[in-house]
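One structure is given here, and the rest of the page talks about it.
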Amino acid sequence: MYDLHDFLMPIDLHQLNGDGGYNDGQLAKHIDAYETGIPDISKADIVLVGVGETRGSGINEGDSNAANRIRRQLYHLHYWHTDIQIADIGNIKTGATLNDSYAAIKTVLAELLRMKKTVLLLGGSHDITLAQYFAYKELQQVIEATCIDATIDLKGESPLRSENFLLELLTSEPNLVKHYNHIGFQSYYVHPRMLETMDKLRFDCHRVGVAKDNMEEMEPVLRNTHLLSFDISAIKYSDSPASRQSPNGFSGEEACTLARYAGMSNSLSSFGIYGYLPQLDMHDLSAKQIAQMLWYFIDGKSRNKHEAAMDDRHSFNEFHTRFTEVESVFLQSKKTGRWWMQLPDKKFIACSYNDYLHASHNEIPERWLRAQERN
């Protein structure tokens, strides 16, 4: 086990809040934060860690204070979910080079994943997703990965790591990404051939308009995900001005809905929110937006604690269906209403009510078909 002190810097709560103090209903009073010593995280359900590395996006300003700006807003929010314990282990030290920073992030995250913690990474440019993935690679863990972003960062011609990091994440060998999802891309930013390539690889890409019209269909995508990376450029400028933005995208409320879905996932173990540029943040609107997304992630985590185990069949409604000569079983949780469907190998994957409706009308659910194509 590594000594995490070597990689982390503490938080100055006084600097975050000045002399204002916090009342006993606010998160600051209930988050066990690294001020003088790294807290005991053995009982923590969620571990926060800040990242200041932005050189991958061409911003060479040294150690960004993005994570602390987000914390300032998060710590003021009120603590409603008393069943969720949260620890904040401070900020990962920025390395002498970009690769040094990746190595530090990988080391810290891998240690937390070994401890079976759910980790929230705050700050940094979107290429930090690569370091996030390296932690799973270190543990030899096969994963499903999801990015929420207005663009698809496969631009091999770009010198910026934040615009091409998916090339390494999806093609490096050995590769442990069994499936990749992309949510919220905006077509005018994406070369058509790029989508053709993603489809040939059986990766699933959901255009922003389709996702906005069918938000509940994004829940099973996130329920199956282990690694989630959210570039705040996916949120429209009017709701979050502090990134390299588009006037269109998800609303603030929709971003919070996606964060709640992520929190409800049993599979998800790391969630990075990237692309926040404090120097562009008017009235701290983006910091407030991200803080509220984190609040909804905690809300989702709390809701998921009440979900039944899959082997507790008394807690599920069971539906046997037959479509195009294929027999399958659908389960619906009596506690949360969520759905799962069985594949021919008898494994269950997350699905939606719409998938069940298609199957009951003798139609192959697309989610079932895509899963079979990947097997």
Would you say Asp24's side chain and Lys29's backbone share a donor-acceptor pair under 3.5 angstrom?
-> no
Answer yes if the ring centres of Tyr274 and Phe230 are under 6.0 angstrom apart, and no otherwise.
-> no
On a heavy-atom basis, the closest approach of Ala110 and Ala135 is N-CB, 3.6 Å
With the side chain counted from C-beta on, respond yes when Leu109 and Ser270 share a heavy-atom pair under 4.5 Å apart, and no when they do not.
-> yes
Should the pair Glu196-Arg193 be classified as a salt bridge under the 4.0 Å nitrogen-to-oxygen rule?
-> no
Shortest non-hydrogen separation from Leu343 to Gln372 and the atoms involved | CB-OE1, 4.0 Å
Identify which one of Tyr356, Tyr353, Phe319 satisfies the ring-ring contact (aromatic ring centres under 6.0 Å, His included) criterion when paired with Phe330.
-> Tyr356
Main-chain N/O of Leu331 paired with Glu318 side-chain donor or acceptor, under 3.5 Å = no
Heavy atoms of other groups near His306 NE2, more than 12 under 6.0 Å | yes
Evaluate the criterion side-chain contact (heavy atoms from CB on, under 4.5 Å) for residue pair Trp340 and Arg223; output intermediate values, then yes/no.
-> CA-CA 10 Å; Trp340 287 259; Arg223 201 179 341 146; 3.0 Å; yes
Heavy atoms from other residues, nucleotides or ligands near CD of Glu35 exceed 12 (cutoff 6.0 Å) | yes
Taking a hydrophobic cluster as the set of Ile, Leu, Val, Met, Phe, Trp and Tyr residues connected by side-chain heavy atoms closer than 4.5 Å, whether directly or through intermediates, do Tyr237 and Ile235 fall within one such cluster?
-> no
When you look at OH of Tyr136, are more than 12 heavy atoms from neighbouring residues, nucleotides or ligands closer to it than 6.0 Å?
-> yes
Could you check if a side-chain atom of Thr321 sits within less than 4.5 angstrom of a side-chain atom of Glu327, using non-hydrogen atoms only?
-> no
For Ser238, which residues count as a side chain to side chain contact (heavy atoms under 4.5 Å, CB included) partner, sequence neighbours excluded?
-> Lys236
Any ion pair linking Asp199 and Arg370 (charged N to carboxylate O, less than 4.0 Å)?
-> yes
Leu154 with Leu160, same ILVMFWY side-chain cluster at under 4.5 Å = no
Should we count NE2 of His320 as having more than 12 external heavy atoms under 6.0 Å?
-> yes
Asp127 and Ser125: side-chain donor and acceptor closer than 3.5 Å?
-> yes
Mark yes or no for whether Lys347, through its side chain, and Gln342, through its backbone, hold a donor-acceptor pair below 3.5 Å.
-> no
Are the side chain of Gln26 and the backbone N or O of Asn23 linked by a donor-acceptor pair below 3.5 Å?
-> yes
Are any of the side-chain nitrogens in Lys335 or Glu307 under 4.0 Å away from the carboxylate oxygens of its partner?
-> no
Begin from the C-alpha positions of Thr118 and Phe297 and carry the test side-chain contact (heavy atoms from CB on, under 4.5 Å) through to its verdict.
-> CA-CA 11 Å; Thr118 300; Phe297 180 87; 3.7 Å; yes
Heavy-atom donor-acceptor pair, Thr225 side chain to Leu227 backbone, under 3.5 Å = no
Do Asp40 and Ser42 meet the criterion of a side-chain donor-acceptor pair at a distance under 3.5 Å?
-> yes
Are any side-chain N or O atoms of Arg69 and backbone N or O atoms of Gly123, one a donor and one an acceptor, separated by less than 3.5 Å?
-> no
For Asp345, does the CG atom have more than 12 heavy-atom neighbours from other residues, nucleotides or ligands under 6.0 Å away?
-> yes
Any side-chain heavy-atom pair of Phe348 and Met310 under 4.5 Å = yes
If we ignore angles and hydrogens, is there a donor and acceptor under 3.5 Å between the side chains of Asp299 and Ser302?
-> no
Of all the heavy-atom pairs spanning Gly263 and Asn304, show the shortest one and how long it is.
-> O-CB, 4.1 Å
Group every Ile, Leu, Val, Met, Phe, Trp and Tyr by side-chain heavy-atom contacts under 4.5 Å, then state whether Trp339 and Val326 land in the same group.
-> yes
Non-neighbouring partners of Ala242 that pass side chain to side chain contact (heavy atoms under 4.5 Å, CB included), sequence neighbours left out | Tyr276, Leu280, Asp281, Ser286
Could you tell me which residues satisfy side chain to side chain contact (heavy atoms under 4.5 Å, CB included) with Ala103, sequence neighbours excluded, listed by chain and number?
-> none
Taking it one step at a time, do Leu74 and Leu27 satisfy side-chain contact (heavy atoms from CB on, under 4.5 Å)?
-> CA-CA 7 Å; Leu74 176 66; Leu27 276 166; 3.8 Å; yes
Do Arg55 and Glu53 have side-chain heavy atoms sitting under 4.5 Å apart?
-> yes
Provide the closest heavy-atom pair for Ile41 versus Ala87 in the form atom of the first, atom of the second, distance.
-> CG2-CB, 3.7 Å
His76: what forms a side-chain hydrogen bond (donor to acceptor under 3.5 Å, both in side chains) with it, not counting sequence neighbours?
-> Asn17
Where the side chain of Thr129 meets the backbone of His126, is there a donor-acceptor pair that is under 3.5 Å apart?
-> yes
Apply side chain to side chain contact (heavy atoms under 4.5 Å, CB included) to Asn68 and list each qualifying residue two or more places apart in sequence or on a separate chain.
-> Leu16, Arg71, Asn91
Side chains of Ser233 and Asp231: donor-acceptor distance under 3.5 Å anywhere?
-> yes
Hey, does Lys137 have a side-chain heavy atom less than 4.5 Å from the side chain of Ile143?
-> no
Under 3.5 Å, is there a donor-acceptor pair between the Asp153 and Thr151 side chains?
-> yes
Could I get the full list of side-chain hydrogen bond (donor to acceptor under 3.5 Å, both in side chains) partners for His179, not counting sequence neighbours?
-> Asn181, Asp204, Arg374
Assess the pair His182 and Phe203: is the distance between their ring centroids shorter than 6.0 Å?
-> no
With no hydrogens and no angle check, do the side chains of Ser229 and Gln132 hold a donor and an acceptor under 3.5 Å apart?
-> no
Should the pair Arg260 and Trp295 be classed as cation-pi, given the thresholds of under 6.0 Å to the six-membered ring centre and 45° from the axis?
-> no
Check the pair Ile46 / Ile298 against side-chain contact (heavy atoms from CB on, under 4.5 Å), numbers first and verdict last.
-> CA-CA 8 Å; Ile46 294 171; Ile298 297 165; 3.9 Å; yes
Flag if over 12 foreign heavy atoms under 6.0 Å of NZ, Lys334 | yes
Pairwise side-chain contact, Leu222 with Ser265, heavy-atom cut-off 4.5 Å (strictly under) = no
For residues Lys301 and Ile84, report the shortest heavy-atom separation together with the two atoms involved.
-> CG-CD1, 3.7 Å
Is it possible for you to say whether Ile152 and Val210 belong to one hydrophobic cluster, with membership spreading through side-chain heavy-atom contacts below 4.5 Å?
-> no
Quick one: do Trp368 and Val329 end up in the same hydrophobic cluster if we chain Ile, Leu, Val, Met, Phe, Trp and Tyr together by side-chain heavy atoms under 4.5 Å apart?
-> no
Side-chain touch Ile128/Tyr133, heavy atoms, less than 4.5 angstrom | no
How about Lys212 and Glu254: do any of their side-chain heavy atoms sit closer than 4.5 Å?
-> yes
Could you pull out the closest heavy-atom pair between Lys93 and Asp6, with the gap in Å?
-> NZ-O, 3.5 Å
Do the side-chain N and O atoms of Glu217 and Ser352 include a donor-acceptor pair separated by under 3.5 angstrom?
-> yes
Charged N-O contact under 4.0 Å between Asp45 and Lys305 = yes
